[in-house]
Amino acid sequence: MTPKKRALLCLTGNKWKADRVSAFDPLTTATVEQMEIVKAPFPDAHRSPKLMAKLAAAAWEIVGLEGFKVPFDLCVQAEALGAEIHYGALDIHPSVRKPAFKELEDFKIPEKILEKGRFPVVEGSVKILREKYGDYLPICRQVVGPFTIAGHVFGVEKFCAWIKRKDPEDLLDVLLQLADLNVEEARAALQMGADVICIADPTASSDILSPQTFKELLVPAYQRITSKVGAPVVLHICGNATSYLPYLPDTGIDAFSCDAQVDIAFAKQVLGNRVAVWGNVPTVKVLLQGTPEDVKRACIECICKGTDGLIPSCGIPPRTPIENFRMLPQVASCMVYV
Amino acid sequence: MESSKNKEEVFERLKQAIIEGDEVEAVKWAEEAVKRGIDAYEAISKGCLEGMNVVGDKYARREYFIPEVVLAAQAMNMAVEVLKPHVKMEKGPSGVVVIGTVQGDVHDIGKNIVKIMLEAAGFKVIDLGRDVPLKDFVETAKQQNADIIAMSALMTTTMPGMGKVVKMLEEDENLRRRVKVMIGGAPTSEEYARRIGADAWGKDAVAAVELAKKFMQEKHV
Ligand code: B12
Ligand SMILES: [Zn+2]
């Protein structure tokens, strides 16, 4: 079975039709050691299709993860919408320096947005990966989810205050426009050869929003994306998303990538065979700070709890040692179903 | 003289206004406190900060989420703006503090509370804001002849920045001798402060004021 076929089966809730769980990481895979080995360091790798493809490929070539994911940062959309970006450093991810809009009414998606900012870089890297690796390995194109983009372009606090102060219809309207942007970029990437779309919406965390807000503002936005994309969709939300679980089937996603605070066994129970659950080897306590032995133990625990894909709980911290990260594909490949 | 009942009522109203995130009410009761000649420092600590503590508890119990927390913080800031000019400056060891939330971290609600309390206690506070480039702490302390650097971090990922600032400070021995460093924020601890070479760790804004005063006394002995 090719890693691509295995990943697609595991993402769509057909784990038992695959030979084992997949170790295809649709979250950020880049670490400093990989950057040094393949000579594609941050922040340059955010801005050149060649370097982006090279660093994404390191996930397979060096770590052994079963596929690729681009881009590495969460600012592509906000940047194209006019926010000011700081590109970070070797071990610091890019971040938003200044929002793009002051008021909700100022919001506007520029024409031909896919030609702006770093969209061409990202799509270019997908093309390179597809040409180089053929159909053997899956490629994930990450789109930053509507709430996180809104936080970037207006300021998170401002947007949070609006949730209490403004007409929910107006907020939903903006979030749906951002969802349409996600659809547009996802389709462009699929045309270049991507196989899977991962919506990364870290700011939509249950540490920030109530389950009620999630249901009213975000479920419809994710629905918009999943109903139009035409490829398997994974959703990643940081933090303890347990209170969101009952709403996930309505979003139409294929798989949910959960953070370390979520109990996989419980999530599987709630979601049954409606949404696959991927996760959740703790990034900081285990992958960054633990030993390979600790990672191995955490991996086995995830598999025993029923994970559909063996991946980190969140984007990998840049200083994670490769020998730790490697344990994911290693453990996944010894745990063949019998 | 104000009767204590009168005072209690104003504190309670201020507190409620902040809990509800109602900035109009918060400003109204802050102005009322001024009008009635109530001690502004007391109004800040017993009205505003008490209110913010309740908000923190509600957040921890998942009764409140960030939208409510943000509105409460806004209401608090507005009320404090009204009260601040009326705070009677304490005599005694006041000094210059450079404060900020470290690079990569935008959490500044706690830092702002610390700043308010330090100012209320008579310190001159230079606020670098949030997501502050690490070298700015050292450079500002040098330029402004500061006595204290106060850093806040709310994320395990941004905490290490505080250690880097201490290292930078140590590159200039004279400066290091002159400037004390205190740190705070939920993921930090006494132990962590010691590990990175900071002079002290503060649990909350009240502790921050005590530490700052202690530093100044030590300096003047
Ligand atoms: C409010 C909040 C936000 C707001 C911040 C608004 C603002 N202007 O500050 C917003 C929505 C913007 C936000 C964004 C994010 N947040 Co946030 N946020 C919080 C939250 C809920 C509360 C923090 C707070 O204000 N507490 C109230 C104040 C009063 O307390 P305090 O800061 O601890 O300060 C007191 C003391 O510590 C002390 N003190 C503080 N500083 C200092 C300094 C000195 C010198 C001294 C002596 C004392 C002292 O005195 C203060 C007053 O008593 C925490 C959860 C939590 N329980 O802490 C998460 C939390 C900090 N956020 C978190 C995360 C991950 C994020 C995001 C990445 C998005 C996300 N997925 O949640 C972004 C990151 C943005 C960034 N790059 O920084 C995580 C951090 C995890 C980690 N890695 O450690 C937390 C812990 C939530 C969680 N469990 O996931 N967040
Ligand atoms: Zn995450």
Side-chain angles (χ1 to χ4, degrees), chain A residues 84 86 88-89 91-99 147 150-152 154-166 168 171 202-217 238-244 260-261 282-285 288-289 314-320, chain B residues 17-26 55-56 58-78 101-112 128-136 153-164 186-187 192 195:
Chain A
E84 204 180 298
H86 185 269
D91 59 349
I92 301 176
H93 282 265
S95 56
V96 174
R97 264 281 123 99
K98 235 176 94 202
F147 193 77
H152 283 163
F154 296 107
V156 191
E157 290 162 75
K158 202 186 263 178
F159 203 80
C160 281
W162 288 345
I163 290 176
K164 305 287 294 181
R165 291 280 151 91
K166 291 206 188 263
L171 298 179
T203 316
S205 156
S206 71
D207 290 308
I208 294 185
L209 299 176
S210 68
Q212 192 63 23
T213 308
F214 183 77
K215 178 170 164 236
E216 286 166 9
L217 293 181
C238 300
N240 190 348
T242 309
S243 63
Y244 292 171
Q261 297 98 316
T283 43
V284 178
K285 289 230 171 70
L288 178 65
Q289 295 166 353
C314 195
I316 198 81
R319 294 282 176 190
T320 303
Chain B
I18 282 154
I19 295 171
E20 320 231 303
D22 186 335
E23 53 185 56
V24 177
E25 277 290 295
V55 171
K58 282 182 184 282
Y59 175 83
R61 288 200 303 270
R62 299 194 153 254
E63 204 179 303
Y64 271 10
F65 291 87
I66 298 292
E68 290 83 5
V69 175
V70 169
L71 288 193
Q74 282 174 3
M76 176 187 75
N77 291 341
M78 303 276 284
T101 303
V102 296
Q103 190 157 27
D105 200 325
V106 305
H107 297 91
D108 65 355
I109 297 174
K111 184 268 295 169
N112 290 342
L128 300 177
R130 58 196 200 177
D131 189 11
V132 176
L134 301 178
K135 62 174 188 352
D136 289 11
L154 264 280
M155 304 200 289
T156 47
T157 47
T158 53
M159 275 159 66
M162 305 197 289
K164 289 188 187 158
Y192 188 74
R195 186 141 42 100

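Convention: sequence-line order gives letters A, B, ...; per-chain numbering from 1. For the numbers below, each heavy atom of this structure counts, side chains included, while hydrogens, waters and symmetry mates do not.
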Problem - Interatomic distance, B:T158 atom OG1 to A:I92 atom CD1 [nearest 0.5 angstrom] - result: 10.5 Å

Problem - Part of A:S206 lying under 4.5 Å from any heavy atom of chain B - result: both

Problem - Non-hydrogen side-chain atoms of A:R97 and B:D131 separated by less than 4.5 Å - result: yes

Practice task
Quick one: pull up OG in A:S210 and CD in B:E68 and give me the separation to the nearest 0.5 Å.
Solution key: 7.0 Å

Practice task
Look at atom NZ of A:K285 and say whether more than 12 heavy atoms of other residues, nucleotides or ligands are closer to it than 6.0 Å.
Solution key: no

Practice task
Would you mind checking which part of A:I208 comes under 4.5 Å of any heavy atom in chain B, side chain (CB onward), backbone (N, CA, C, O), both or neither?
Solution key: both

Practice task
Looking only at non-hydrogen atoms, find the nearest pair between B:R62 and A:S243 and report the distance.
Solution key: NH1-OG, 4.4 Å

Practice task
Please report the shortest heavy-atom distance between A:C160 and B:P67, naming the atom on each side.
Solution key: O-CB, 3.3 Å

Problem - NZ on A:K164 to CD on B:Q74, rounded to 0.5 Å - result: 12.5 Å

Problem - Contact check, side chains of B:F65 and A:P211, non-hydrogen atoms, under 4.5 Å - result: yes

Exercise for the section: Could you tell me the separation between the CD atom of A:Q289 and the OG1 atom of B:T156, rounded to the nearest 0.5 Å? Expected result: 8.0 Å

Exercise for the section: Hey, could you give me the CG/OH distance between A:D207 and B:Y59, rounded to the nearest 0.5 Å? Expected result: 4.0 Å

